[in-house]
Amino acid sequence: MAEMTMVEALNLALDQCMDRDADVCLMGEDIGINGGVFRVTKGLYEKYGARRVMDSTLAECGIIGTAVGMAIYGLKPVTEIQFSGFTMQAFDQIEQNMARMRNRTQGRYPIRMVMRTPYGGGIRAVEHHSESREAYWAHTPGLKVVIPSGPRNARALLAASIEDPDPVVFYEPKAVYRAFREDVPETHETMPLGKAQVVRPGSDISIISYGAMMRVCREAVDDLVELNGIDVELIDLLSISPMDTQTLSESVSKTGRCVIVHEGHQTCGVASEIIARLNEHAFEYLCAPIRRVTCPDIPFPYFQTEKQFLPDADTVIGAVQETLAWE
Amino acid sequence: MAEMTMVEALNLALDQCMDRDADVCLMGEDIGINGGVFRVTKGLYEKYGARRVMDSTLAECGIIGTAVGMAIYGLKPVTEIQFSGFTMQAFDQIEQNMARMRNRTQGRYPIRMVMRTPYGGGIRAVEHHSESREAYWAHTPGLKVVIPSGPRNARALLAASIEDPDPVVFYEPKAVYRAFREDVPETHETMPLGKAQVVRPGSDISIISYGAMMRVCREAVDDLVELNGIDVELIDLLSISPMDTQTLSESVSKTGRCVIVHEGHQTCGVASEIIARLNEHAFEYLCAPIRRVTCPDIPFPYFQTEKQFLPDADTVIGAVQETLAWE
Amino acid sequence: MPDELNDNPDPEAPTPAAKGQFPELKHGVKSSNMDTSPIEPGNIEVLQILDEHGQLDKSLDPPLDDELLVKIHRGLVLTRAFDHRMLTMQRQGEMGTFAPNLGQEACQLGQVIPLSRKDWYSPSYRSFGAQIWRGWSMERLLLLWAGYHEGFPPPAGVNDLPFSIVVGSHVLPAVGVAMGMNYKSDASCMVVNFGDGALSQGAVSEALNIAAVDAAPVVFVCENNGWAISTPLNKQAATENLAVRGLGFGMPSIRVDGNDILAMTVAVDEAAQRARVGGGPTFIEAVTYRMSLHTTADDPTVYREEELVDPWEERCPIRRFETYMKYKGLLTGERIQQIHAECEQEVIEARDLFRSTAASHPREIFDHLYEQLPEELEAQRDAYLRRLDERGGSDG
Amino acid sequence: MPDELNDNPDPEAPTPAAKGQFPELKHGVKSSNMDTSPIEPGNIEVLQILDEHGQLDKSLDPPLDDELLVKIHRGLVLTRAFDHRMLTMQRQGEMGTFAPNLGQEACQLGQVIPLSRKDWYSPSYRSFGAQIWRGWSMERLLLLWAGYHEGFPPPAGVNDLPFSIVVGSHVLPAVGVAMGMNYKSDASCMVVNFGDGALSQGAVSEALNIAAVDAAPVVFVCENNGWAISTPLNKQAATENLAVRGLGFGMPSIRVDGNDILAMTVAVDEAAQRARVGGGPTFIEAVTYRMSLHTTADDPTVYREEELVDPWEERCPIRRFETYMKYKGLLTGERIQQIHAECEQEVIEARDLFRSTAASHPREIFDHLYEQLPEELEAQRDAYLRRLDERGGSDG
Ligand SMILES: Cc1ncc(C[n+]2csc(CCOP(=O)(O)OP(=O)(O)O)c2C)c(N)n1
Ligand SMILES: Cc1ncc(C[n+]2csc(CCOP(=O)(O)OP(=O)(O)O)c2C)c(N)n1
Ligand SMILES: [Mg+2]
Ligand SMILES: [Mg+2]
């Protein structure tokens, strides 16, 4: 075990996967000598060389499109898009080839690749650098979408994503990159994709969240439990697609009340999907409308107002109390 | 009044808007002499000339990006993307500029433009030519998303979209293009954006749909009413974003049961959003889980199997009966 | 709030100097930090070996062995026979929309003739002649155009990408495959085909640039057939020729007579050889003409004068090559007629096999998206299969 | 099912001809349907008027009037003073991440000096020198970099696009504005700025092609400063120079010493004049160097040898121009020192105004997305505002 930030843990996962499998290679902007703008690939260029750690041209569509080709050829590229806002530049290649090539060729060309990218707000970034559009990928058949919340699950989920036979979109909460440290085992560790985690079992109400918002939820839960004596069940989704519907519906069937928290926009967002599924699988147990705590349907604002824009613990606490108060 | 197909009705709307406003111009691939691959712009090149009816290069990103610039300059471009599957090529310009320019410049540069594009299946098209990804746009702040279901509302909504001060994504159900004729008034007619239409009032259950699926729903409703004596309320959404939440919740508050039908994929789709809103606004009136009748979360298949893939009247009838049977 | 700011759009901003006030540009002085002599980007070769009358440039006649030449001729004839048949079948409602390649047969075969099985090929939707040469059976191609999923995956043993219908979307993956060859030190190459219209797609420009920067073993064959549906070349590009585009990205570029099977074969072979030994990519503009419809959904009479097509009748790549084969003494007029008949027969047999084997598999549409179907999709599949059963699975 | 098909990956497929078996390419015969003489895409001019020692090429000395020359000098000095100040403020936590333009001052001012107020300018994130010249107040730019929305919209009366942070994303809209000028027969032009890295973006290639095809009045200024964050030019493009890219799209292209304010001004002016009278777009490669950090979040020592920067100290665009101004007798060393001090003072005043006026408006973040806020968003805004009030609106 070693105490690591999420950045260090992700770096460890990349290092070990490259060490274990010569077909795993990295591609992205400034990931070589520079180690990536957030230093997630630090030292890997020195260790594995320019052939396996490829600095790309300034072209996101090019990164994803050529990575799809490498995967067709049999490699396992792990690409980095510098900020998730720039995945828009690659949307066509993601949707038309990365997500669909396996199906188009009836399995002849599986695409074993990962698209890593930092998402979300909270670091006083310039415009277009704080997006949380994971719902686009959840709505895109053929992809898996994974979002870790801390150093340890980030490492295990990235390793699992690299080893997964299907294309994975891996969103990294940049607000968490260096926010705290966690014990991370030195030896190779993975976690199954598609499984949510009950972080704290409880009986009064379920809070479902993922990524950077898990910190906010933990803070809220501490308050709710200690100050208000509310027995909250907190669930970390971890995998947006496929989604662990069973764990979610079991929880809400038990608690009958639920608040969903994420940074992404509200309309057609991940919370909407969770509500739709709970409506199907836990309808008879619902005692109150499920509340969505999300960013509103406006672009992420300029950073002087991001603190107000982003949901915080009080917002979550308020939603929980309203949900509990509902008759 | 004249009997028109949707293609003719759309053509009429374009013609009259161009006639009324010299700043309205058209841009797209093969929309000039060729009149567009579906002939929606037929005759307009001859009538308004190459300056106002612009054949673009084969670059969707280029079409949307330059149209944004024209709008900044003060024009009102109506762009055509030949098939909605190719809007992926323009995703970056749509999200980063078309949807956000007004906000980025605090209103200094409003983007008065429309992106027209045929969507959906049912015409035995090759791969990537039958997509229904309207949820991407509904999840994108700054856009309005409109989807007509017949010749008359297509004409009125397109005219309204062109006159709207905000950027509009206008999805045209290609399966309906020539499927049937309707009376369409010769004189300029618009309909307000953001309003749904109760096509048939009823008290037993609400069916919410839009676009090409409205035909399927109408067929289902006829059966349900005549054969089973079920008093169905049928709602045509027309505008996906903004969404007429009030009309939807009033309907479901009355009927207590609801089935939502669309061609788009299920996860994070429009139906998920409707369910989330009804959960918030009509929770206490719900007598049964709201059912989603959508295409599954797999890519649109090769056309020999599209008939099976697309929801049909029986699918809707089945969902209605299950919803009514639910205790 | 912005009003408080001292923004100052200078009303006195210098209006542009009146024309002529500034000296016309010419080269600056030779300076210590900048070589100011004009840059010469280099010339673009133009290649034709057999002209439209079958006139041979003997100095360029490639030493292809007779067997291969005969096989090439058959390939050209078969491609055209297949094209005709598909058109008929489409008109009879047996095919979906498809894209004829009448007149482009040499252009397409020339792209793949120099390739070995280790090499890769990335076809567009109009490349079926090349696909047949690569080993795709005609009945598989018929399945593809008739909307059966089974027609899309490349046959076992054929290193091809699926054909690309989203214009230009295959070019980046094709470059990626070539980058994989560099990664694995595999001395093979990738030939990727796209049209004059596709060259306007940003993704294609990105692909050209990446291939040049990474010295990827790719041969870009830009099939300039003069049209992108109704859009003529001069509305697609501002340059007379398209080869100069390759030069702009820093790769050797050449303009080839695409109706000259010898020129195409020689040009692609040289580019392929260079690519395999680390020489990087080449851009080949293949000049040909779309003599027929864009697709069966298209009506060229709306936008194209028939007179424009006439001269290209003269330039028929097949007749041209047959003149050469006779001149070489490899084929007689009689034998040529037989070959045409044989190819017609082959196509008929493929059609019959297609008719007897074609079957759609609606129950399988969930089976190929993920290696293992996620639970949530299993539920969707089960619901879908129940529906099929209710409808009577067979239709079904 | 595919197995039933007669797919036939020919094991005998001709392996590529052994090197040399084919003749090396040379031009084919002159033929009846194809001119096979090699294509010469034309040369690219390289312009420098003032070399790094302030050496003047008198034959090219532009007749700018003295007042303008003095104004230009002040613009250069002010830009650098502003750059220094922002860096300090950022280090003190007063600014967000920002992109210094040390060494690129001439390159940036030269782009806009020839523009009138009717002309348009589309800046990148590193173009604040040009923005100041265009009429953006320094305090507005400080607001922008400090993350206040009020800093983003162009000031009233300034025909600029908002600065572009998504690399290359502004170039297509810039071309669209120019297409609007053609639409309205407005004899103005658009100058759009982007970097060597941005040139790799597909959208930028699409923009170059569209502008060329539509003869849009655009001047593309590709600011080649040698780096895209840590990526050097040779990993970004396979060509020695970037001007050839413009040639590949069929527009006049020129390579200019970006540290020579006279050369930049002359080149842009000629291109702008051509554009305004229907001469279409021009591609200008401005050769300069990013002497400082990519942004304040960047640490060049990780990837760049300091020695690489040294020679560019020599090529300082400001010192070079000051030599020229003295030679012209327009400025003395003493006066120059005063100007530096005055500019420093101006910047300090802007900073103070910024400090006294800067205020964020969290209650307004819903107000600019749509002309009229849709109902569903009103509900979201009300919930948001309630939250603000609970938190104590002020912080707020
Ligand atoms: C991205 C995209 N945009 C538009 C289309 C519609 N479309 C199909 S073929 C075609 C023209 C292609 O022209 P070209 O690249 O010259 O190839 P050709 O058809 O002439 O062989 C168009 C516009 C498409 N399939 N994909
Ligand atoms: C589409 C996109 N990709 C990546 C980035 C991150 N990024 C910001 S600046 C930059 C380098 C740009 O280099 P260049 O175009 O040469 O301009 P310069 O910074 O040198 O002025 C990168 C990669 C971005 N902002 N947008
Ligand atoms: Mg073409
Ligand atoms: Mg640069």
Side-chain angles (χ1 to χ4, degrees), chain B residues 22-23 25 27 51-52 54-75 77 89-90 92-93 95-112 141-144 164-167 193-194 239 241-246 277 280, chain D residues 120 122 149-156 158-166 168-186 190 192 201-203 205-207 209-214 216 218 364-379:
Chain B
D23 289 339
C25 52
M27 179 161 51
R51 190 172 58 86
R52 294 185 65 189
M54 296 169 261
D55 271 322
S56 71
T57 63
L58 211 177
E60 289 73 19
C61 189
I63 292 168
I64 302 303
T66 53
V68 166
M70 291 180 173
I72 289 171
Y73 188 76
L75 300 175
Q89 264 65 9
D92 48 346
Q93 285 298 324
E95 196 277 318
Q96 293 158 354
N97 288 324
M98 178 179 169
R100 291 166 75 146
M101 185 58 71
R102 189 183 205 292
N103 188 64
R104 294 178 64 207
T105 59
Q106 295 197 314
R108 167 74 183 276
Y109 295 132
I111 303 302
R112 307 188 64 142
L143 299 175
K144 292 178 178 174
D164 195 83
D166 299 310
L193 303 187
S239 176
S241 175
M243 190 183 283
D244 187 352
T245 313
Q246 193 182 348
R277 295 187 185 201
E280 284 154 16
Chain D
W120 287 63
S122 181
H149 198 163
E150 291 67 23
F152 277 76
V158 175
N159 282 344
D160 288 2
L161 265 53
F163 94 157
S164 164
I165 192 83
V166 180
S169 63
H170 58 304
V171 185
L172 278 166
V175 169
V177 168
M179 289 163 74
M181 294 171 184
N182 281 349
Y183 189 94
K184 294 275 195 185
S185 313
D186 166 357
M190 159 66 82
V192 56
Q201 285 283 335
S205 290
E206 291 189 3
N209 191 50
I210 293 165
V213 169
D214 293 355
V218 192
E364 296 174 9
I365 63 176
F366 283 74
D367 297 357
H368 303 293
L369 188 56
Y370 295 96
E371 178 157 305
Q372 204 189 355
L373 198 65
E375 272 172 30
E376 59 193 39
L377 268 175
E378 267 176 32

(message) For D:His149 versus B:Asn103, what's the shortest heavy-atom pair and its separation?
(response) NE2-O, 2.7 Å
(message) Against the six-membered ring of D:Tyr183, is B:Arg51 placed for a cation-pi contact (under 6.0 Å from the centre, within 45° of the normal)?
(response) yes
(request) Look at B:Asp23, B:Val68, B:Leu58 and state which one has the largest set of heavy-atom pairs under 4.5 Å with chain D. (result) B:Asp23
(request) Identify which part of B:Gln89 has an atom lying under 4.5 Å from any heavy atom of chain D, answering side chain, backbone, both or neither. (result) neither
(message) Just verifying a value: how many Å separate B:Tyr73 OH and D:Asn159 CG, rounded to the nearest 0.5 Å?
(response) 8.5 Å
(request) Could you tell me which portion of B:Ala59 (side chain, backbone, both or neither) has an atom closer than 4.5 angstrom to a non-hydrogen atom of chain D? (result) both
(message) Given heavy-atom pairs under 4.5 angstrom as the criterion, report whether the side chain, backbone, both or neither of D:Phe366 touches chain B.
(response) neither
(message) Can you tell me which portion of D:Glu371 sits under 4.5 Å from chain B's heavy atoms? Options are side chain, backbone, both or neither.
(response) both
(request) State, yes or no, whether a side-chain contact exists between D:Pro374 and B:Met243 at a heavy-atom distance under 4.5 Å. (result) no
(request) Compare all side-chain heavy atoms of D:Leu172 with those of B:Cys61 and state whether any distance is below 4.5 angstrom. (result) yes
(message) If we define contacts as heavy-atom pairs under 4.5 Å, which of D:Gln372, D:Glu364, D:Met190, D:Met179 has the most with chain B?
(response) D:Met179
(message) Between B:Pro141 and chain D, with a heavy-atom cut-off of 4.5 Å, which part of the residue counts as in contact: side chain, backbone, both or neither?
(response) both
(request) Can you tell which part of B:Arg277 gets under 4.5 Å to a heavy atom of chain D, answering side chain, backbone, both or neither? (result) side chain
(request) Look at D:Asp160, D:Val175, D:Val171 and state which one has the largest set of heavy-atom pairs under 4.5 Å with chain B. (result) D:Asp160
(message) Within this structure, what is the CG-OG distance for the pair D:Asp214 and B:Ser56, rounded to the nearest 0.5 Å?
(response) 9.0 Å
(request) Find out whether B:Arg102 and D:Tyr370 are in side-chain contact, i.e. whether some heavy atom of one side chain is under 4.5 Å from a heavy atom of the other. (result) no
(request) Might you work through the side chain to side chain contact (heavy atoms under 4.5 Å, CB included) test for B:Thr105 and D:His368, ending with a clear yes or no? (result) CA-CA 8 Å; B:Thr105 59; D:His368 303 293; over 6 Å; no
(request) Starting at CD of B:Gln96, measure out to NE2 of D:His170 and round the result to the nearest 0.5 Å. (result) 12.5 Å
(request) Go through B:Ile111, B:Leu143, B:Leu193 and name the one with the most non-hydrogen pairs under 4.5 angstrom from chain D. (result) B:Leu143
(message) Would you say that D:Ser169 contacts B:Asn97 through its side chain, given a criterion of any heavy-atom pair below 4.5 Å between the two side chains?
(response) yes
(request) Would you name the heavy atoms of B:Ile72 and D:Trp120 that are closest together and state the gap between them? (result) CG2-CZ3, 3.7 Å
(message) What's the separation between atom CE in B:Met54 and atom CD1 in D:Ile210, rounded to the nearest 0.5 Å?
(response) 11.5 Å
(request) Would you indicate whether D:Glu378, at its atom CD, is surrounded by more than 12 heavy atoms from other residues, nucleotides or ligands within a distance under 6.0 Å? (result) yes
(request) Under 4.5 Å, counting heavy-atom pairs only, tell me which of D:Leu161, D:Val177, D:Asn182, D:Asp186 racks up the most with chain B. (result) D:Val177
(request) Measure across B:Met70 and D:Gly176 and return the closest heavy-atom pair with its distance rounded to 0.1 Å. (result) CG-O, 3.5 Å
(message) Under 4.5 Å from any heavy atom of chain D, what part of B:Pro110 do you find: side chain, backbone, both or neither?
(response) neither
(message) Just so I know, are the side chains of D:Pro162 and B:Arg108 near enough to count as touching, which here means a heavy-atom distance under 4.5 Å?
(response) no
(message) Using modelled atom types and a 3.5 Å cut-off, is there a donor and acceptor pairing between side-chain atoms of D:Glu376 and backbone atoms of B:Pro242?
(response) no
(message) For a 4.5 angstrom cut-off between non-hydrogen side-chain atoms, does B:Gln106 reach D:Asp367?
(response) no
(message) At a 4.5 Å cut-off on heavy atoms, which part of D:Ile365 comes close to chain B: side chain, backbone, both, or neither?
(response) backbone
(message) Do B:Leu75 and D:Lys184 have side chains that approach each other closer than 4.5 Å (heavy atoms only, starting at C-beta)?
(response) yes
(message) Please classify the contact between B:Ala71 and chain D as side chain, backbone, both or neither, with a heavy-atom cut-off of under 4.5 Å.
(response) neither
(message) If I measure from the heavy atoms of chain D, does B:Ala90 come under 4.5 Å with its side chain, its backbone, both, or neither?
(response) neither
(message) Please determine whether side chain to side chain contact (heavy atoms under 4.5 Å, CB included) holds for the pair D:Glu375 and B:Thr245, giving the CA-CA distance in whole Å, both sets of side-chain angles, and the decisive distance to 0.1 Å.
(response) CA-CA 9 Å; D:Glu375 272 172 30; B:Thr245 313; over 6 Å; no
(message) Less than 4.5 Å to any heavy atom of chain D: does that hold for the side chain of B:Asp164, its backbone, both, or neither?
(response) neither
(message) How close do D:Asn209 and B:Thr57 get, counting heavy atoms only, and between which atoms?
(response) ND2-CG2, 3.9 Å
